[in-house]
Asker: 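Quick one: this structure, given as structure tokens, is what I'll be asking you about.
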There are 2 protein chains.
Amino acid sequence: MNKKLPKPTEGELEVLRIIWQQGSSTVRQVNDALSLFKEVGYTTTLKIMQIMSEKGLLTRDTTGKTHVYHAAVSQEKTQQQLVTKLMDSAFGGSAMALVMQALGNKKSTAKEIKEIREFLDQLEGGKK
Amino acid sequence: MNKKLPKPTEGELEVLRIIWQQGSSTVRQVNDALSLFKEVGYTTTLKIMQIMSEKGLLTRDTTGKTHVYHAAVSQEKTQQQLVTKLMDSAFGGSAMALVMQALGNKKSTAKEIKEIREFLDQLEGGKK
DNA sequence: AACTTTTTACGAAATTCTTCGTAGATAATT
DNA sequence: AATTATCTACGAAGAATTTCGTAAAAAGTT
């Protein structure tokens with residue numbers, strides 16, 4: 001079990017989000033997607049993805065000329081990792097404090113609030 | 001209005017947490033507190049706090065021989081900043097998604113869940 | 001086949017963060 | 001007063017991250 005994958009950096013997270021969204025991709029595809037919202041050189045994207053492979057955040061298929069990269073970490077696990085880290089480092093480990101900041105900040109819609117209530121119901125229900 | 005204070009690094013956040021907790025402190029006091037849970041040289045702590053002053057995360061009183069450092073950013077604002085950043089970078093801006101990860105992860109107590117419900121009530125009540 | 005384009009590999013510069021050693025100044029102790 | 005301890009300032013090394021240029025290999029085009 002490889003539980004200790006490194007925390008992705010900002011740049012790595014951007015790549016992961018794209019691959020989670022559009023599925024396994026080539027460097028070109030990721031770079032195109034990145035280029036929609038920021039300026040970035042092709043070889044920069046390539047380098048980041050190569051490093052991510054070394055770290056185990058991505059795997060790649062090198063059969064063809066153009067390598068295809070796959071996410072090696074799930075979106076859910078990664079979000080878990082990041083939110084846990086933030087909770088510990090900035091909120092003293094309190095989920096409540098973090099949740100309140102997240103909700104208090106943003107103007108949540110009535111619908112969102114309702115969904116969270118239902119989620120809380122589930123949490124209590126599924127609990128022993 | 002200085003809205004663009006830099007995001008504190010891991011090390012800087014540790015210093016801020018200590019100063020938020022125990023109030024304005026000297027380098028020695030911060031270093032002692034840090035030493036309780038990690039090994040760190042005195043000049044390392046000094047350097048970090050000096051850099052934080054330059055960045056505007058701390059202010060300092062240099063009247064005496066021993067300088068006294070004060071937090072220049074509030075805990076609340078900083079938590080806001082960090083949670084917003086995480087929400088944008090890892091949760092596509094969705095507070096809901098983040099909240100669910102935070103709650104689903106940790107085994108929240110019934111009391112915590114109740115508190116969050118009450119918080120949601122307030123949110124809706126205070127809203128127009 | 002010669003040329004152009006695309007892609008990977010390699011290396012290195014620029015930046016940021018962390019760490020700490022050394023020197024000098026200031027204060028406290030003997 | 002001399003010694004010792006404490007503190008700040010300075011600089012620099014090491015690691016991590018981001019960036020990109022150049023070269024070489026592979027594929028496609030004329």
Side-chain angles (χ1 to χ4, degrees), chain A residues 4-19 24-35 37-70 73 78 81-82 85-86 89-90, chain B residues 4-19 24-35 37-70 73 78 81-82 85-86 89-90:
Chain A
K4 322 175 195 172
L5 283 174
K7 176 181 152 194
T9 67
E10 273 306 306
E12 290 169 349
L13 194 54
E14 285 177 348
V15 171
L16 280 174
R17 288 185 66 193
I18 288 168
I19 294 187
S24 299
S25 306
T26 64
V27 174
R28 175 63 57 196
Q29 290 169 328
V30 170
N31 188 249
D32 285 348
L34 282 175
S35 298
F37 62 93
K38 70 182 270 196
E39 256 198 34
V40 58
Y42 177 84
T43 53
T44 301
T45 303
L46 169 66
K47 185 65 163 183
I48 288 186
M49 291 173 72
Q50 286 173 338
I51 292 175
M52 290 174 75
S53 293
E54 291 169 15
K55 290 185 181 177
L57 294 173
L58 299 179
T59 58
R60 60 176 174 177
D61 178 0
T62 61
T63 11
K65 170 200 175 186
T66 305
H67 299 180
V68 179
Y69 290 76
H70 317 272
V73 294
T78 304
Q81 178 188 18
L82 294 175
K85 176 111 187 174
L86 180 64
S89 67
Chain B
K4 324 176 193 168
L5 283 175
K7 176 181 151 194
T9 67
E10 274 305 307
E12 290 169 349
L13 194 54
E14 286 178 348
V15 172
L16 279 175
R17 288 184 67 193
I18 289 169
I19 294 186
S24 299
S25 306
T26 64
V27 174
R28 175 64 57 193
Q29 289 168 330
V30 170
N31 189 249
D32 286 347
L34 282 175
S35 298
F37 62 93
K38 72 182 271 196
E39 255 197 34
V40 58
Y42 178 84
T43 54
T44 302
T45 304
L46 170 67
K47 185 66 162 182
I48 289 186
M49 290 174 73
Q50 286 174 339
I51 291 175
M52 290 174 75
S53 292
E54 289 170 15
K55 291 184 179 177
L57 295 173
L58 299 179
T59 58
R60 62 176 172 175
D61 178 0
T62 61
T63 11
K65 171 200 175 186
T66 305
H67 300 180
V68 178
Y69 291 76
H70 316 272
V73 294
T78 304
Q81 179 187 18
L82 294 175
K85 178 111 186 173
L86 180 64
S89 66

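Please read these numbers as outputs of a predicted model, since none were measured by experiment. Per chain, numbering begins at 1; letters A, B, ... match sequence-line order.
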Asker: Could you state the atom-to-atom distance from OH of A/Tyr69 to P of C/dA9 in whole Å?
Answerer: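 After rounding, the reported distance stands at 6 Å.
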Asker: May I ask you to verify if any side-chain N or O of A/Arg28 is less than 4.0 angstrom from the OP1 or OP2 atom of C/dT6?
Answerer: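 So the side-chain polar atoms of A/Arg28 never come under 4.0 Å of the phosphate oxygens OP1 or OP2 of C/dT6.
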Asker: Restricting to nitrogen or oxygen on both sides, can you table the protein-nucleotides 26-30 of chain C pairs closer than 3.5 Å?
Answerer:
{"residue": "C/dT26", "atom": "O2", "partner": "B/Lys65", "partner atom": "NZ", "Å": "3.3"}

Asker: Would you kindly give the CE-to-P distance between B/Met49 and D/dC10, to the nearest whole Å?
Answerer: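 Taking atom P of D/dC10 as the reference, CE of B/Met49 is at 17 Å.
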Asker: Measure from CG on B/Leu46 to P on D/dA12 and round the result to the nearest Å.
Answerer: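 One finds 17 Å between P of D/dA12 and CG of B/Leu46, rounded.
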Asker: Which distance, rounded to the nearest 0.5 Å, do you find between the NZ of A/Lys7 and the NZ of A/Lys85?
Answerer: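 That separation rounds to 5.0 Å.
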Asker: Got a sec, which residues hit side chain to side chain donor-acceptor pair (under 3.5 Å) with A/Gln50, two or more places apart in sequence or on another chain?
Answerer: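 Side chain to side chain donor-acceptor pair (under 3.5 Å) list for A/Gln50, sorted by chain: empty.
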Asker: D/dT8 P sits how many Å from B/Asn31 CG, rounded?
Answerer: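 In whole Å, D/dT8 P lies 11 Å from B/Asn31 CG.
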Asker: Closer than 3.5 angstrom, by distance alone: can the side chain of A/Thr43 be matched with the main-chain N or O of A/Leu46 as a donor-acceptor pair?
Answerer: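 Judged by distance alone, no pair lies under 3.5 Å.
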Asker: Among residues at least two apart in sequence or on other chains, which ones pass side chain to side chain donor-acceptor pair (under 3.5 Å) with A/Ser89?
Answerer: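 Residues passing side chain to side chain donor-acceptor pair (under 3.5 Å) with A/Ser89: none at all.
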Asker: Mind checking the CE-OH spacing from A/Met52 to A/Tyr69? Nearest 0.5 Å is all I need.
Answerer: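 Going from CE on A/Met52 over to OH on A/Tyr69, the span is 10.5 Å.
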Asker: Please enumerate all residues that pass side chain to side chain donor-acceptor pair (under 3.5 Å) together with A/Asp32, with sequence neighbours excluded.
Answerer: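 For A/Asp32, no residue satisfies side chain to side chain donor-acceptor pair (under 3.5 Å) once neighbours in sequence are set aside.
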Asker: Considering just the side-chain nitrogens and oxygens of B/Arg60, establish if one lies under 4.0 Å of OP1 or OP2 belonging to D/dC7.
Answerer: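 Answer is no, no contact under 4.0 Å.
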Asker: Between protein and nucleotides 13-22 of chain D, map the contacts as a letter string: B base, S sugar-phosphate only, - none, heavy atoms under 4.0 Å, written 5' to 3'.
Answerer: ----SBBBBB
Asker: Taking only the side-chain nitrogens and oxygens of A/Gln50, find out if one of them lies under 4.0 Å from OP1 or OP2 of C/dT8.
Answerer: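 Result: no.
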Asker: Enumerate the residue pairs fulfilling salt bridge (Lys or Arg N to Asp or Glu O under 4.0 Å) with a member in residues 51-69 of chain A, sequence neighbours excluded, ordered by first and then second residue.
Answerer: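 Found A/Glu12-A/Lys55.
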Asker: Got a second to check how far A/Thr78's OG1 is from A/Arg17's CZ, nearest 0.5 Å?
Answerer: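 Going from OG1 on A/Thr78 over to CZ on A/Arg17, the span is 12.0 Å.
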